[in-house]
Amino acid sequence: MERNEIIAELRKKLGDFPEENEKILKSEGEKFAKAGDVEGLNIVGELILENMPEERRNEINRLTHVDGMRLDELYNKIVELINEKKAVEAVPLAERLYKKITLEYAETEKAKFVSLRNPFEDNLCQLLFKSDKTLNRTPFDFAEYITTYAYLLIETGANVDAIPVLEKAIEYNPVDVGPKFELAEVYKIIRNKKMVIEITKQTLAVASSPVAIARCYANMGYTLTDFGEYEDAAIFYVASTMFAPNPAIPLEMQHLADLKGTPIVMPTREKIIKTMKKYGIDFGPSQKVIDVAVQLSSYYIGRKDIPNALQALKITYNLTLDEDVKKLILKLDPNSAMVRPAQSNENAESNRQNIQKTDNNNS
């Protein structure tokens with residue numbers, strides 16, 4: 001449906017009472033959000049503003065605009081500059097956006113703003129980061145916006161300056177792995193091993209995909225290699241390949257083998273677990289993350305909300321590779337692509353280049 005048609009359809013549903021119109025528009029907005037219709041959602045937002053009393057509309061505009069530009073439009077301009085390799089030009093715009101967000105959407109004694117993107121993040125956040133404060137939803141994904149500013153700081157050499165910015169991004173979304181990974185990159189660059197380990201543990205506690213888990217282990221492998229702890233680094237690199245492929249890992253493993261002077265061998269599961277325990281790290285996904293996904297899938301199946309049920313089921317399957325979960329996904333959506341199928345022997349071998357197949361040390 002074209003933009004003008006959407007607007008016309010929505011206007012037909014509105015009456016003479018602003019409060020009732022706002023309820024109608026919010027209900028329509030929820031439908032667009034569930035369908036992933038960004039255009040429809042934006043139109044609803046515009047009509048809600050149009051429907052408001054002038055004083056309230058002016059206040060909303062003040063909160064959501066910088067120099068006459070809406071916050072998401074300013075962010076899109078920043079991304080455009082990044083894509084054009086114009087990081088230096090993007091920094092002042094990103095800084096202006098950052099200051100606007102942190103000033104207008106600051107935490108108070110009774111409330112805080114959060115940028116949780118879906119029901120899974122919402123539930124995981126409330127489980128892991130309980131708060132007595134009222135949680136207010138931000139109008140845009142501020143965690144992403146702030147993380148992008150930090151990325152630009154790193155790109156332009158201001159590594160240490162990026163740390164408090166990323167910590168602020170995490171405040172807006174404690175379960176988003178994005179700012180946590182950027183923080184790990186900073187600590188890797190400045191060779192702060194203690195903080196690489198700490199942020200890796202925090203990331204693994206909220207990681208909801210095999211790719212995120214694999215990246216956590218790869219970060220540990222890189223840092224331990226950097227500090228000369230070659231045997232432990234090899235364990236983490238091997239563990240990384242067990243969760244998701246990454247074309248950079250075989251190269252890192254070859255570099256590590258050259259530094260060690262001996263090939264990397266395939267460790268037993270027991271050895272992987274034992275090595276990770278030295279750093280306070282568990283092998284595999286967090287059980288709390290899996291539990292949230294399982295509970296959500298059951299809840300949404302009961303409500304016959306198939307899109308949200310499928311999202312939770314896919315998270316569950318990708319973390320567990322449970323065949324019963326896979327069957328349920330395909331029952332609800334026969335055309336569903338399984339994101340993390342079990343690796344074929346050929347794929348597994350290519351993902352584990354430079355690893356010898358025997359390990360005589362089972363300790």
Side-chain angles (χ1 to χ4, degrees), residues 26 29-38 41 112-131 133-147 169-183 199-216 243-244 282 284-333 335-341:
K26 285 183 177 179
E30 289 174 2
K31 294 177 185 176
F32 283 123
K34 184 180 288 189
D37 188 336
V38 177
L41 201 55
K112 64 182 296 186
F113 286 92
V114 290
S115 295
L116 303 169
R117 298 170 294 193
N118 52 56
F120 174 79
E121 288 192 347
D122 199 323
N123 280 267
L124 185 62
C125 183
Q126 293 191 49
L127 173 67
L128 298 180
F129 304 95
K130 287 183 171 65
S131 175
K133 296 185 178 184
T134 300
L135 300 183
N136 295 319
R137 309 295 164 171
T138 61
F140 307 107
D141 191 345
F142 288 165
E144 180 182 10
Y145 291 10
I146 296 172
T147 299
I170 291 169
E171 288 179 18
Y172 283 98
N173 189 343
V175 298
D176 182 4
V177 296
K180 290 179 169 63
F181 280 133
E182 289 296 336
L183 202 47
I199 195 62
T200 296
K201 289 194 287 187
Q202 293 176 21
T203 310
L204 285 166
V206 300
S208 59
S209 74
V211 171
I213 294 170
R215 184 170 174 181
C216 286
F243 281 87
D282 293 325
S286 163
Q287 188 59 49
K288 289 183 178 179
V289 173
I290 295 173
D291 289 345
V292 168
V294 170
Q295 290 164 13
L296 269 182
S297 62
S298 177
Y299 171 76
Y300 283 118
I301 288 172
R303 291 173 63 90
K304 294 183 169 38
D305 184 341
I306 303 305
N308 278 320
L310 283 169
Q311 181 198 40
L313 284 167
K314 287 177 180 179
I315 292 172
T316 305
Y317 175 72
N318 284 336
L319 295 178
T320 65
L321 293 182
D322 187 313
E323 284 298 313
D324 289 335
V325 176
K326 179 178 180 179
K327 290 175 184 176
L328 183 53
I329 292 171
L330 294 175
K331 181 179 178 181
L332 294 174
D333 180 12
N335 297 319
S336 179
M338 305 314 299
V339 180
R340 187 193 172 206

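What's counted below: heavy atoms across the whole structure, side chains too, no hydrogens, waters or symmetry copies.
Annotation: the span from L310 atom CG to S297 atom OG amounts to 10.0 Å, rounded to 0.5 Å. Note that CG of D122 is 8.0 Å distant from CG of L135, once rounded to the nearest 0.5 Å. In this structure, OG1 on T134 lies 10.5 Å from CZ on F113, to the nearest 0.5 angstrom. Taking CD1 of I301 as the start and CD1 of I306 as the end, the distance is 7.0 Å to the nearest 0.5 Å. With rounding to the nearest 0.5 angstrom, the SG atom of C125 is 11.0 Å from the CG atom of D176. Atom CG of L124 is separated from atom CG of N118 by 10.0 Å, given to the nearest 0.5 angstrom.
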Taking distance alone, no hydrogens or angles, what donor-acceptor pairs closer than 3.5 Å link side-chain atoms of residues 286-296 to residues at least two apart or in another chain?
unit_1, atom_1, unit_2, atom_2, d
S286, OG, K288, N, 3.2
Q287, NE2, D291, OD1, 2.9

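For K201, the side chain to side chain contact (heavy atoms under 4.5 Å, CB included) partners at least two apart in sequence or on another chain are I197, E198, I281. Residues that satisfy the side chain to side chain donor-acceptor pair (under 3.5 Å) test with E121, not counting sequence neighbours, are R117, N173. Contacts of K327 classified as side chain to side chain donor-acceptor pair (under 3.5 Å), with partners at least two apart in sequence or in another chain: none. Every residue two or more places apart in sequence or in another chain that forms a side chain to side chain donor-acceptor pair (under 3.5 Å) with E144 is listed here: Y75. With sequence neighbours excluded, the residues that form a side chain to side chain contact (heavy atoms under 4.5 Å, CB included) with S209 are V211, A212. Taking the side chain to side chain donor-acceptor pair (under 3.5 Å) definition, one finds that D282 meets it with K277, sequence neighbours left out. Scored by the salt bridge (charged side-chain N to carboxylate O under 4.0 Å, His left out) test, E171 finds K168 as partners (sequence neighbours excluded). Take S131 and apply the side chain to side chain contact (heavy atoms under 4.5 Å, CB included) test, not counting sequence neighbours, and it matches K112, K133. Considering only residues two or more places apart in sequence or on other chains, F120 meets the ring pair (Phe, Tyr, Trp, His ring centres under 6.0 Å) condition with none of them. Evaluation of the side chain to side chain contact (heavy atoms under 4.5 Å, CB included) rule for Y299 yields R303 as partners, not counting sequence neighbours.
At a threshold of 4.5 Å between non-hydrogen side-chain atoms, the residues P119 and Y300 count as touching. For the pair N335 and L330, the minimum side-chain heavy-atom distance is 4.5 Å or more. Residues L313 and L328 have side chains in contact (heavy-atom distance under 4.5 Å, counting atoms from C-beta outward). When side chains are defined from C-beta on, F129 counts as touching V206, because their heavy atoms get closer than 4.5 Å.
Put simply, the residue from I170, T200, T147 that forms a side chain to side chain contact (heavy atoms under 4.5 Å, CB included) with L183 is I170.
Of the possible polar contacts, none joining the K326 side chain to the K314 backbone as a donor-acceptor pair under 3.5 Å is found. Formation of a donor-acceptor pair under 3.5 Å by the T203 side chain with backbone atoms of K180 is not found in this model. Between the side chain of D333 and the main chain of I329, no donor-acceptor pair closer than 3.5 Å is present.
By the 6.0 Å and 45° rule, R215 stacks over the aromatic ring of F181.
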### Message
Set out, in order, the CA-CA distance, both residues' side-chain angles and the distance that settles side-chain contact (heavy atoms from CB on, under 4.5 Å) for L319 and I213, then state yes or no.
### Response
CA-CA 10 Å; L319 295 178; I213 294 170; 4.0 Å; yes

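A244 and P210 make their closest contact through CB-O, 4.0 Å (heavy atoms, listed as atom of the first residue, atom of the second, distance). Counting all heavy atoms, side chain and backbone alike, G284 lies closest to F243 at CA-CZ, 3.7 Å. Nearest approach of V177 to A207, heavy atoms of both residues: CG1-CA, 4.1 Å.
Using the six-membered ring where Trp is involved, F142 and Y172 have ring planes that are perpendicular, over 60° apart on the 30 and 60° scheme.
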